[in-house]
2 protein chains.
Amino acid sequence: MTVKLGTRAATVSGRIPDELVASSVFLLKRLGTAAKQKAVDAYEEAGLSPYHHGILALLDEGGVRETQGAIADALGYDRGTLVGLLDELEAEHFVERRRDPVDRRRHIVRLTPEGKRALERLRRVARRVEDEFLARLDDEQRAALHELLLRLASTHEPRCAGPVEPPA
Amino acid sequence: MTVKLGTRAATVSGRIPDELVASSVFLLKRLGTAAKQKAVDAYEEAGLSPYHHGILALLDEGGVRETQGAIADALGYDRGTLVGLLDELEAEHFVERRRDPVDRRRHIVRLTPEGKRALERLRRVARRVEDEFLARLDDEQRAALHELLLRLASTHEPRCAGPVEPPA
DNA sequence: TATTGTTATACTCTATAACTATA
DNA sequence: TATAGTTATAGAGTATAACAATA
């Protein structure tokens, strides 16, 4: 099914070329950028970023304590970048770092009760962003979109493993 | 419909938290980044970038000649950035710049025959990227995804105007 | 005075690699 | 010697603003 515009006028002033709009990869790039922008702006009001949300969510889900390397690897963050993010979370007492007595090179990161509350605030922010961004889609369309994105993620973002069964 | 993973083990080593994977906005961000990376890499082999493709496609579609401001506005590029992109295209003789005799502040940019051929090469690259990126989806799923992305773009990337009818 | 294209500047992100302390 | 975390550095990318020519 080829997308066909009504009028193919000689002058297409102000519009993105059809051949780009016809490309899902192009749309994914643009929408991904827009989504990131909206998310960063929204989290900013809470003084944090989507990256912080990722860290807190991981700690909450995975038994509250993880080493820095495990966090970085699971989320796909650079280890150097993670240090700064944890510094910020620790300054707000949302996480605690302590040396692992078993291997004193490691730091064990733990989620604090304040961190858990911050996470709940971030979840509300995320829900709001989600709702605003998908406003034009009804529930069925949202489910369909999510299913398709999950399928793409299973090859292009393997860390998302998730419920979509591997190769068909 | 809530995504539910089989085992909710105490340790989720190596995986992105469920609450992120459950978010379409999160997936859009990650997939958008991955798509951009793949696209840039692929276009690099042709010595150009997706940005160049946008410019050439716009010129081809819109009557071959446009002013720099019109190009920048239509594609959403910064005008300063566009200068460098056009320099590169002009160095390869894919476009020509000449002063507009009517308003000597303006530059008219024209697509050359070589530029048209380059555009055709870039179209092949784009088709390949598209096919690789959507490899896990069948034709029906691709159409469904495109439809949904178009709908999102109509609010978050208005320049994509396109065939999806405005408000519901 | 405002606008077009250009150039220069600065700022953000990210990636790399050095550095320490432990193993 | 290798690894975990930290810090510093450099590069790409982007946004901002100054600038010259023209309207």
Side-chain angles (χ1 to χ4, degrees), chain A residues 13-14 29-30 32-41 43-44 48-52 54-55 58-59 65-91 95-110 157, chain B residues 13-14 29-30 32-41 43-44 47-55 58-59 65-91 95-110 157:
Chain A
S13 52
K29 288 191 290 181
R30 289 278 174 131
T33 304
K36 183 177 280 181
Q37 191 61 55
K38 297 252 183 197
V40 167
D41 291 350
Y43 281 81
E44 209 159 70
L48 295 171
S49 76
Y51 299 107
H52 297 113
I55 296 168
L58 185 83
L59 291 173
R65 53 208 296 299
E66 295 281 359
T67 130
Q68 292 189 202
I71 296 172
D73 291 349
L75 295 171
Y77 296 175
D78 176 89
R79 291 182 183 209
T81 308
L82 180 63
V83 172
L85 292 167
L86 288 176
D87 288 347
E88 289 156 359
L89 289 174
E90 203 171 28
V95 302
E96 284 171 3
R97 267 188 280 214
R98 60 181 64 171
R99 287 211 170 277
D100 183 346
V102 174
D103 180 345
R104 290 183 44 74
R105 290 173 304 181
R106 288 191 159 91
H107 282 176
I108 302 286
V109 183
R110 298 206 325 118
E157 197 65 56
Chain B
S13 51
K29 289 191 290 182
R30 290 278 175 131
T33 304
K36 183 177 280 183
Q37 191 59 55
K38 297 252 183 197
V40 167
D41 290 351
Y43 280 81
E44 209 159 69
L48 294 171
S49 77
Y51 299 108
H52 296 112
H53 186 175
I55 296 168
L58 184 84
L59 291 172
R65 54 208 292 301
E66 296 280 0
T67 127
Q68 292 189 202
I71 296 171
D73 291 348
L75 295 172
Y77 297 175
D78 176 88
R79 290 182 184 211
T81 309
L82 180 64
V83 172
L85 292 168
L86 288 176
D87 288 347
E88 289 155 1
L89 289 174
E90 204 172 27
V95 303
E96 284 171 3
R97 268 190 279 215
R98 61 181 63 171
R99 287 213 170 276
D100 183 346
V102 175
D103 181 343
R104 291 184 42 74
R105 290 173 303 181
R106 289 188 157 93
H107 281 176
I108 302 286
V109 183
R110 300 207 322 118
E157 197 64 57

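Keep in mind that the numbers below use all heavy atoms, side chains included, and drop hydrogens, waters and symmetry copies. Below, read A as the first sequence line, B as the second, and so on, with proteins coming before strands; counting in each chain starts at 1.
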Distances for protein N/O vs nucleotides 9-13 of chain D N/O pairs under 3.5 angstrom?
none

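Regarding contacts with the backbone of dT22(D), a side-chain N or O of R104(B) is found under 4.0 angstrom from either OP1 or OP2.
Here the C1' atom of nucleotide dC19(D) and the CZ atom of R105(B) are 15 Å apart, to the nearest Å. Between the NE2 atom of H107(B) and the C1' atom of dA20(D) there is a distance of 12 Å, rounded to whole Å. Taking atom CZ of residue R106(A) and atom P of nucleotide dG5(D), one finds them 7 Å apart after rounding to whole Å.
Judged purely by atom type and a 3.5 angstrom limit, R99(B) uses its side chain to pair as donor or acceptor with the backbone of R104(B). No donor-acceptor pair under 3.5 Å is formed between the side chain of E66(A) and the backbone N or O of L58(A). Between the side chain of Y51(B) and the backbone N or O of T81(B), no donor-acceptor pair lies under 3.5 Å.
Taking all atoms of both residues into account, the shortest heavy-atom contact from R79(B) to A72(B) is CG-CB, 3.8 Å. Taking both residues in full, the closest heavy atoms of L59(B) and V109(B) are given as CD2-O, 3.7 Å, listed atom of the first, atom of the second, then distance.
Between P50(A) and K29(B), some side-chain heavy-atom pair lies under the 4.5 Å cut-off. Looking at D41(B) and Q37(B), their side chains come closer than 4.5 Å, going by heavy atoms from C-beta outward.
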TODO: Apply ring-ring contact (aromatic ring centres under 6.0 Å, His included) to the pair H52(B) and Y43(B), showing each step before the final yes or no.
DONE: CA-CA 9 Å; H52(B) 296 112; Y43(B) 280 81; 9.0 Å; no
Open item on the list: What verdict does the side-chain contact (heavy atoms from CB on, under 4.5 Å) test give for R97(B) and L89(B), after you've listed the backbone C-alpha separation in whole Å, the side-chain angles of each residue and the deciding distance to 0.1 Å?
Closed with: CA-CA 10 Å; R97(B) 268 190 279 215; L89(B) 289 174; over 6 Å; no
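On the nucleic acid side, DNA chain C contacts chain A at distances under 4.0 Å to non-hydrogen atoms, with the end points of that region at dT14(C) to dA23(C).
Using a 4.0 Å heavy-atom distance criterion, R97(A) is classed as a sugar-phosphate-only contact.
The line from CZ of R105(A) to CG of D100(A) is 10.0 Å long, rounded to the nearest 0.5 Å.
Taking a 4.0 Å limit (strictly below) on heavy-atom distances, residues 77-88 of chain A reaches DNA chain D at R79(A), G80(A), V83(A).
With the nearest nucleotide of DNA chain C identified for both D103(A) and K36(A), K36(A) has the one nearer the 5' end.
The side chain to side chain contact (heavy atoms under 4.5 Å, CB included) test with Q68(B) is passed by exactly one of L86(B), D73(B), I55(B): L86(B).
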